[in-house]
Amino acid sequence: MSGVLIYTEAEAKRNAFAAEKFKTELGVQLVTPDYTGPADFVINRTNQPEVGRRFESRGIRVFNSAKFSALANDKEKCYRFMAQNGIPILPIDYKTVPLVVKPKNGKGGRDVRLITKKEDIPAKNNDLIFQKAASDLGRDLRVWIIGGKIITSILRISKTDFRSNYCLGGEALPYTLSAAEKQKIQHIISLVDGDYYGMDFVFEDGEIIFNELEDTVGARMVYDKTNIDILKLYCNYIKSML
């Protein structure tokens with residue numbers, strides 16, 4: 001079968017290791033989001049659900065699905081979906097400091113701000129989320145999922161920033177999930193239709209609280225901190241689904 005791997009040009013360069021892994025394991029052709037040619041399957045690494053929809057309208061299998069991408073790449077939509085399905089989240093539309101202001105479609109901690117003074121709260125607009133700040137700042141958990149199965153989890157810690165993202169210099173440590181944490185995560189997995197993705201949690205009084213879904217989740221931490229070849233596992237999963 002002939003597949004295509006879709007990245008923007010900038011993201012293909014930034015994720016050269018992953019792109020090469022997909023090409024080696026699956027023989028896919030690397031293309032940009034404007035590609036309209038043939039494909040038996042598509043790996044959409046753009047964070048753009050409309051790209052997936054374009055192929056799904058032709059009956060082509062897309063990893064991750066457009067439905068999942070649409071949920072993961074709109075934080076407000078995702079928070080409201082989780083709340084409606086009984087998943088605890090930190091309150092949004094929050095007006096009391098400390099609070100976190102973040103873009104609805106932001107990634108990697110970019111443009112996320114911690115507001116500690118009421119006079120610094122920016123004007124409300126439709127592109128931003130205003131959310132209660134977690135009690136345990138500078139500490140969060142990422143969990144990687146393939147085909148509904150938890151693959152690994154890593155704790156991210158920063159002593160210099162309220163954001164603990166690895167790409168921003170945070171420390172990363174392998175993390176053993178408790179039985180209760182696994183149960184929470186499996187509940188969320190049962191609600192979403194994802195193939196390979198990340199699930200991020202913040203800590204509120206020591207308990208994990210859902211924070212976001214990562215559609216085009218990175219793998220750098222997994223390769224740096226574990227012996228898991230997670231992209232190979234994902235490629236094997238794709239083969240099993242075709």
Side-chain angles (χ1 to χ4, degrees), residues 3 5-8 11 14-15 17-19 21-22 25-26 28 41-53 55-56 61-82 85 87 89 102 104-110 140-156 165-167 172 175 177 181-182 184-202 208-223 225-226 228-241:
L5 168 66
I6 307 180
Y7 274 112
T8 64
E11 287 299 302
R14 196 169 77 87
N15 295 280
F17 172 81
K21 192 80 171 178
F22 285 123
E25 295 290 336
L26 296 170
V28 292
F41 66 94
V42 169
I43 305 170
N44 181 15
R45 301 287 289 174
T46 67
N47 291 317
Q48 300 173 32
E50 60 272 18
V51 172
R53 289 191 195 102
F55 289 96
E56 287 175 349
R61 176 68 157 93
V62 178
F63 302 85
N64 288 312
S65 70
K67 178 182 177 182
F68 180 88
S69 293
L71 182 66
N73 291 292
D74 184 331
K75 287 184 172 62
E76 182 175 28
K77 180 179 180 179
C78 190
Y79 288 140
R80 297 195 188 282
F81 172 85
M82 294 298 169
N85 283 279
I87 305 300
I89 62 167
K102 60 182 81 171
K104 288 183 181 180
N105 62 350
K107 294 293 174 188
R110 291 185 291 273
D140 78 352
L141 177 69
R142 171 161 293 174
V143 181
W144 282 260
I145 293 106
I146 297 177
K149 296 180 181 178
I150 298 170
I151 303 301
T152 192
S153 53
I154 292 180
L155 180 69
R156 303 183 293 188
N165 303 70
Y166 196 48
C167 62
Y175 182 91
L177 296 166
E181 288 168 340
K182 287 180 182 178
K184 286 182 182 180
I185 293 163
Q186 288 294 163
H187 183 193
I188 299 171
I189 288 171
S190 73
L191 298 173
V192 300
D193 178 27
D195 297 300
Y196 168 55
Y197 59 99
M199 196 181 293
D200 289 353
F201 296 84
V202 292
I208 62 168
I209 300 291
F210 175 82
N211 190 41
E212 61 184 280
L213 298 172
E214 289 287 342
D215 179 15
T216 58
V217 64
R220 180 184 165 198
M221 277 191 292
V222 178
Y223 285 101
K225 301 298 178 178
T226 79
I228 299 170
D229 190 347
I230 196 162
L231 291 175
K232 185 177 180 67
L233 292 180
Y234 182 34
C235 290
N236 289 341
Y237 165 80
I238 291 173
K239 291 175 187 176
S240 75
M241 298 299 290

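Bear in mind that the values here come from a model prediction, so they are computed numbers and not experimental data. Both backbone and side-chain heavy atoms feed into the values below; hydrogens, waters and symmetry mates do not.
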Shortest non-hydrogen contact between Ile230 and Ala219, atoms and distance: CG2-CB, 3.7 Å
Backbone of Tyr196 reached by a side-chain donor or acceptor of Asn64 within 3.5 Å: yes
Backbone N/O of Gly218 and side chain of Trp144: donor-acceptor pair under 3.5 Å: yes
is_close_aromatic(Tyr223, Phe17), centroid dist under 6.0 Å: yes
Distance (rounded to the nearest 0.5 Å) between Ile87 CD1 and Asn85 CG: 7.0 Å
Flag side-chain contact, heavy atom, 4.5 Å: Phe68 against Leu213: yes
Heavy-atom donor-acceptor pair, Ser240 side chain to Tyr237 backbone, under 3.5 Å: yes
Thr8 and Gln48: CA distance, side-chain angles, deciding distance, side chain to side chain contact (heavy atoms under 4.5 Å, CB included) verdict: CA-CA 10 Å; Thr8 64; Gln48 300 173 32; 4.1 Å; yes
Flag, side chain of Ser153 to backbone of Tyr175, donor-acceptor distance under 3.5 Å: yes
Asn105 to Lys75 - nearest heavy-atom pair and separation: C-NZ, 4.3 Å
Heavy-atom pair of closest approach, residues Thr46 and Thr216: N-CG2, 3.8 Å
Criterion side chain to side chain contact (heavy atoms under 4.5 Å, CB included) on Ile151 and Ile145, from CA distance to verdict: CA-CA 6 Å; Ile151 303 301; Ile145 293 106; 5.9 Å; no
Cationic N near anionic O, under 4.0 Å, Asp200 to Arg142: yes
Greater than 12 external heavy atoms within 6.0 Å of Lys239's NZ: yes
Donor-acceptor contact present, side-chain Asp229 to main-chain Leu233, <3.5 Å: no
Phe201 and Phe210 aromatic ring geometry - parallel, tilted or perpendicular at 30°/60° bounds: perpendicular
Derivation and outcome, side chain to side chain contact (heavy atoms under 4.5 Å, CB included), residues Val192 and Leu71: CA-CA 9 Å; Val192 300; Leu71 182 66; 3.7 Å; yes
Closest non-hydrogen atom pair, Ile208 against Lys184: O-NZ, 3.5 Å
Between Asn73 and Asp215: side-chain donor-acceptor atoms closer than 3.5 Å: yes
Ser69 side chain near Asn47 side chain, heavy-atom distance below 4.5 Å: no
Side chain to side chain donor-acceptor pair (under 3.5 Å) against Glu56, all qualifying residues, sequence neighbours excluded: none
Chi angles and distances behind the side chain to side chain contact (heavy atoms under 4.5 Å, CB included) call for Arg45, Leu5: CA-CA 7 Å; Arg45 301 287 289 174; Leu5 168 66; 3.8 Å; yes
Arg61 to Phe63, cation-pi by 6.0 Å centre distance and 45° axis angle: yes
Check: Asp74 side chain, Lys77 main-chain N or O, donor-acceptor pair, under 3.5 Å: yes
N-O pairing of Asp193 and Lys67 below 4.0 Å: no
Salt-bridge present (Glu11, Arg14; N to O < 4.0 Å): yes
Value rounded to 0.5 Å, distance of CG in Asn15 from CZ in Arg220: 11.5 Å
Side-chain heavy-atom pair Ile89, Glu212 within 4.5 angstrom cut-off: no
Leu141 vs Leu177 side-chain heavy atoms within contact, under 4.5 Å: yes
Close side-chain approach of Leu26 to Ile238, heavy-atom, < 4.5 Å: yes
Heavy-atom side-chain contact between Tyr7 and Ile43 under 4.5 Å: no
Heavy-atom pair of closest approach, residues Cys235 and Phe22: SG-CD2, 3.6 Å
Pairwise side-chain contact, Ile189 with Met199, heavy-atom cut-off 4.5 Å (strictly under): yes
Short side-chain to backbone donor-acceptor contact, Arg53 and Ser65, under 3.5 Å: no
Nearest atoms (heavy-atom pairs only) where Met82 meets Ile188: CE-CG2, 3.7 Å
